[in-house]
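The next block holds one structure in the form of structure tokens; read it before the comments.
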Amino acid sequence: MTAPIRENLSGLDLRAEIERLRKERNAVILAHYYQKPEIQDLADFVGDSLELSRKAADTDADVIAFCGVKFMAETAKILSPEKIVILPDMDAGCSLEDSCPPEQFARFRAKHPDHIALTYINCSAAVKALSDIIVTSSSAETIISQIPEDQPIIFGPDRHLGGYLNRKFGREMLLWPGVCIVHEAFSETELLKLKAQHPCAPVAAHPECPPHIIDHADYVGSTSGILQFAKTFPGDTLIVATEPHIIHQMELAIPEKTFIGAPGADGNCNCNICPYMALNTMEKLYIALRDLQPRIEMDEELRLAARKSLDRMLEMASGTVGKGDLGRA
Ligand code: 13P
Ligand code: SF4
């Protein structure tokens, strides 16, 4: 469990204090689309996993305040080791990372010595170090299409993203059995009820969704791909099958359109809020900037080993943002 905040911050103007500290620390605030709207609104940059990795690699700030989950902040540290990288709540993990302990992954790899390991970025630094190439959901298609068809592949830890890629590319990658607890929670029955109420509304889904949700999607892609689809689809209502905090960016960009979060089993999409992303708050961001803690620290040997597979991703994905997305199902 995450530690409660013990100090009384009630008299503080948190937004103003964060602004002040951001300047004092020469910090850049990077936020994922699944962060609370108040955090997205003050971030220097809001993006998907690939875009945030690129920003972390390129920044000339001294401090990266990463408003996302731990594997994302670790990625920032791997790519920018000289920076101080802070994460407002160190317990902000990910069910996919949890599903894939490095020792078990190493044994899986050892059983398949002729396979390369293509690994989703939602994993620990230790699993990245055991992998050949990292992918994000926005770079997976471009990267997989560069791997010879006769090259056997292990794909982990998301079996739904891996299964989606297998179907789309006619591959037979061996899949690690991890899932995202958030995308797993969407209900097909409730989605069909919602579609019946909005027969003209397309469905945009993240590839972490299980196949019974993907089967009803008009568009499948990363968070940035879904946002782009929201800006360009011709209708006025969109059903969004990913973490609902991304709807904030849609409403800012296209206020005249209606965005409806896909429902979970109880018909209420609140169960699809990522509990890990939700651990970051304005209070914790303020404390992290003030104390420069909690901070990502990493053993240099591990960092260098993990960096190789991330560099492969950045090379193979280069020039792909926007056009290298997973696209239509
Ligand atoms: P994106 O790379 O599409 O932003 O996905 C990250 C993630 O964790 C989705 O659950
Ligand atoms: Fe992990 Fe799922 Fe949360 Fe993304 S939404 S960080 S995959 S638990």
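Atoms within a ligand are numbered from 1 in the order they appear, just like the ligands themselves. Positions are given from 1, in the same order as the sequence printed here.
There is no side-chain donor-acceptor pair under 3.5 Å between N166 and E172. Counting only N and O atoms by type, the side chains of T136 and S49 include no donor and acceptor under 3.5 Å apart. Judged purely by distance below 3.5 Å, without hydrogens or angles, the side chains of E188 and H212 never pair a donor atom with an acceptor atom. Using modelled atom types and a 3.5 Å distance limit, the side chains of T223 and H206 yield no donor-acceptor pair. Judged by distance alone, the side chains of Y276 and S95 never bring a donor and an acceptor atom under 3.5 Å apart. The closest side-chain donor-acceptor pair between S138 and D48 falls under 3.5 angstrom.
Residue-environment remark: NZ (K308) stays at or below the threshold of 12 foreign heavy atoms within 6.0 Å. In this structure, D236 places its CG atom where only 12 or fewer heavy-atom neighbours from other residues, nucleotides or ligands lie under 6.0 Å away.
Atoms of ligand 2 lying under 4.0 Å from any heavy atom of E208, numbered from 1 in the order shown and given with element: 2 (Fe), 7 (S).
Of all protein N/O/S atoms, those under 2.8 Å from atom 3 (Fe) of ligand 2 are C274 SG, and waters are not counted.
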Show me the short polar-atom pairs for ligand 1: any N or O of it lying under 3.5 Å from a protein N or O, with distances only.
| from | atom 1 | to | atom 2 | distance (Å) |
| --- | --- | --- | --- | --- |
| ligand 1 | 2 (O) | S49 | N | 3.3 |
| ligand 1 | 2 (O) | S49 | OG | 2.8 |
| ligand 1 | 2 (O) | S137 | OG | 3.4 |
| ligand 1 | 3 (O) | S137 | OG | 2.8 |
| ligand 1 | 3 (O) | H206 | NE2 | 2.8 |
| ligand 1 | 3 (O) | T223 | N | 2.9 |
| ligand 1 | 3 (O) | T223 | OG1 | 3.3 |
| ligand 1 | 4 (O) | H32 | NE2 | 2.6 |
| ligand 1 | 4 (O) | S49 | N | 3.4 |
| ligand 1 | 4 (O) | T223 | OG1 | 2.6 |
| ligand 1 | 5 (O) | H206 | NE2 | 3.3 |
| ligand 1 | 8 (O) | N122 | ND2 | 3.1 |
| ligand 1 | 10 (O) | E208 | OE1 | 2.7 |
| ligand 1 | 10 (O) | E208 | OE2 | 3.1 |

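F233 and F259 have perpendicular rings, their planes meeting at more than 60° on a 0 to 90° scale where under 30° would count as parallel.
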Criterion ring pair (Phe, Tyr, Trp, His ring centres under 6.0 Å) on W176 and F105, from CA distance to verdict: CA-CA 9 Å; W176 186 266; F105 189 69; 5.8 Å; yes

